[in-house]
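Structure first, then comments.
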Amino acid sequence: MDKILDTTAVLIEEKGLSAVNTNLIAERADIDIASLYRFFKNKESIFFAVARRWYDKVQMSVEEAVVAEQAFSIVSFNRVIHHEVRALPDTYVLLVQMTELFSKDADFADLEAWHRERLEEIIEKVMRDSGCDWDTSKLHEGARYIYDFMRAFLVSSLSKTASEHQRSFAWHELMMQQLDHIIHQDAPRNVALIA
């Protein structure tokens, strides 16, 4: 099954989402179409399996980093996650080429919501563990903002050259340090957080 998913991800990256079909996947994976249909009912179910596998890898990377205490502040969490997620196979395919599926397909939207919720919970834990004493509502808002900020930077960085990425990441890191500073104030007094 991994061969089908790997082949699908490569084809999406090479040809684009709309050009990929089950016949092309089977041909490139060097399996007969009947075998492919034993595992998947259509190309959308293959796309979903590619997405689910990637999200599972992200979750595992994030959880391992937190358990290993590599992510002991929002700044270190961002650094570890950015490095780990960017290095995962299929990151570009999922975050750039498959984005339309997450807005058009309910199953993909649910998968994205599950992933987001889980990562926000982990961000909240990192914030609490690093000394943030915000109330639950502010903590959740802060985690949601940090998730959005990190994800937007990651997506934008995927199309940059190595030197462009390095410069951008330096600025991103400075902004994360400012967020970390805000998090460790008694309360977000000068920041109007909107529910």
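Scope of the values below: all heavy atoms of this structure, side chains included, with no hydrogens, waters or symmetry mates.
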Quiz item: Between E121 and R118, does a salt bridge (Lys or Arg N to Asp or Glu O under 4.0 Å) hold up when you go through it step by step?
Solution: CA-CA 5 Å; E121 288 170 5; R118 183 63 191 123; 3.1 Å; yes
Practice problem: Would you check, one step at a time, whether the test side-chain contact (heavy atoms from CB on, under 4.5 Å) holds for T91 with R86? | Solution: CA-CA 6 Å; T91 294; R86 198 173 152 83; 5.6 Å; no
Practice problem: Could you go through the side-chain contact (heavy atoms from CB on, under 4.5 Å) check for F47 and V20 one step at a time? | Solution: CA-CA 10 Å; F47 295 165; V20 177; 4.0 Å; yes
Practice problem: List the steps and the verdict of side-chain contact (heavy atoms from CB on, under 4.5 Å) for F153 and M175. | Solution: CA-CA 11 Å; F153 177 77; M175 294 180 82; over 6 Å; no
Self-check item: Verdict with reasoning, N78 to F149, per side-chain contact (heavy atoms from CB on, under 4.5 Å)
Solution: CA-CA 10 Å; N78 175 65; F149 183 62; over 6 Å; no
Exercise. Go through the steps for D107 and R52 under the test salt bridge (Lys or Arg N to Asp or Glu O under 4.0 Å), then give the verdict.
Key: CA-CA 11 Å; D107 290 336; R52 180 59 196 240; over 6 Å; no
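Atom CD1 in I46 sits 8.0 Å away from atom CG in L5 (nearest 0.5 Å). Rounding to the nearest 0.5 angstrom, the gap separating the CG atom in D2 from the OG1 atom in T8 is 11.0 Å. If you take CE on M127 and CD on E124, they are separated by 7.5 Å, rounding to the nearest 0.5 Å. Rounding to the nearest 0.5 Å gives a distance of 15.0 Å between NE2 of H181 and CD1 of I74. Note that the NZ atom of K41 and the OG1 atom of T22 stand 13.5 Å from one another [nearest 0.5 Å]. We find the OG-CZ distance between S35 and R38 to be 4.0 Å, quoted to the nearest 0.5 Å.
Counting only heavy atoms from C-beta outward, the side chains of F77 and K125 never approach each other to under 4.5 Å. Considering only heavy atoms from C-beta on, R28 comes within 4.5 Å of E14 through its side chain. Within the 4.5 Å cutoff, side-chain heavy atoms of Y145 are placed close to those of L179. Residues I183 and I146 form a side-chain contact, since some pair of their non-hydrogen atoms from C-beta on lies under 4.5 Å apart. Taking the side chain as every heavy atom from C-beta outward, F48 and L101 never approach each other to under 4.5 Å. Residues C132 and L139 are in side-chain contact: their nearest non-hydrogen atoms beyond the backbone lie under 4.5 Å apart. Proximity of E84 to V62: side-chain heavy atoms (C-beta onward) are nowhere separated by under 4.5 Å. Between L94 and F102, the closest side-chain pair of non-hydrogen atoms falls below 4.5 Å.
The aromatic rings of H172 and F169 sit tilted, their planes meeting at an angle between 30° and 60°. By the 30° and 60° cut-offs, the orientation of the rings of H115 relative to Y55 is tilted.
A donor-acceptor contact shorter than 3.5 Å links the side chain of R128 to the backbone of W134. Under a 3.5 Å cut-off, the side chain of S168 and the backbone N or O of H165 do not form any donor-acceptor pair. Not a single donor-acceptor pair under 3.5 Å links the side chain of T7 to the backbone N or O of I25. Proximity of a side-chain donor or acceptor of D90 to a complementary backbone N or O of V93 within less than 3.5 Å is not detected. With hydrogens and angles ignored, the 3.5 Å screen pairs no side-chain donor or acceptor of R151 with any backbone N or O of R116.
Nearest approach of A19 to L24, heavy atoms of both residues: O-CD2, 3.8 Å. What you find for S130 and S73 is that their closest heavy atoms are CB-CA, 4.2 Å. Scanning all heavy atoms of the two residues, the minimum distance from A49 to F40 falls at CB-CE2, 3.6 Å. The heavy-atom pair separating K43 from N21 by the smallest distance is CD-CA, 4.1 Å.
Salt bridge status for R144 with D148: absent, with no side-chain N to carboxylate O gap under 4.0 Å.
Grouping the Ile, Leu, Val, Met, Phe, Trp and Tyr side chains by contacts below 4.5 angstrom, directly or via other members, places V66 apart from M60. A single hydrophobic cluster is not seen to contain both L88 and V10; linkage of ILVMFWY side chains at heavy-atom distances under 4.5 Å, directly or through other members, places them apart. I81 and L174 fall into different hydrophobic clusters, defined by Ile, Leu, Val, Met, Phe, Trp and Tyr side-chain heavy atoms under 4.5 Å apart, directly or through other members.
In this structure, Q97 places its CD atom where more than 12 heavy-atom neighbours from other residues, nucleotides or ligands lie under 6.0 Å away.
Side-chain contact of S76 with R79: a donor-acceptor pair under 3.5 Å is absent, judged by distance alone.
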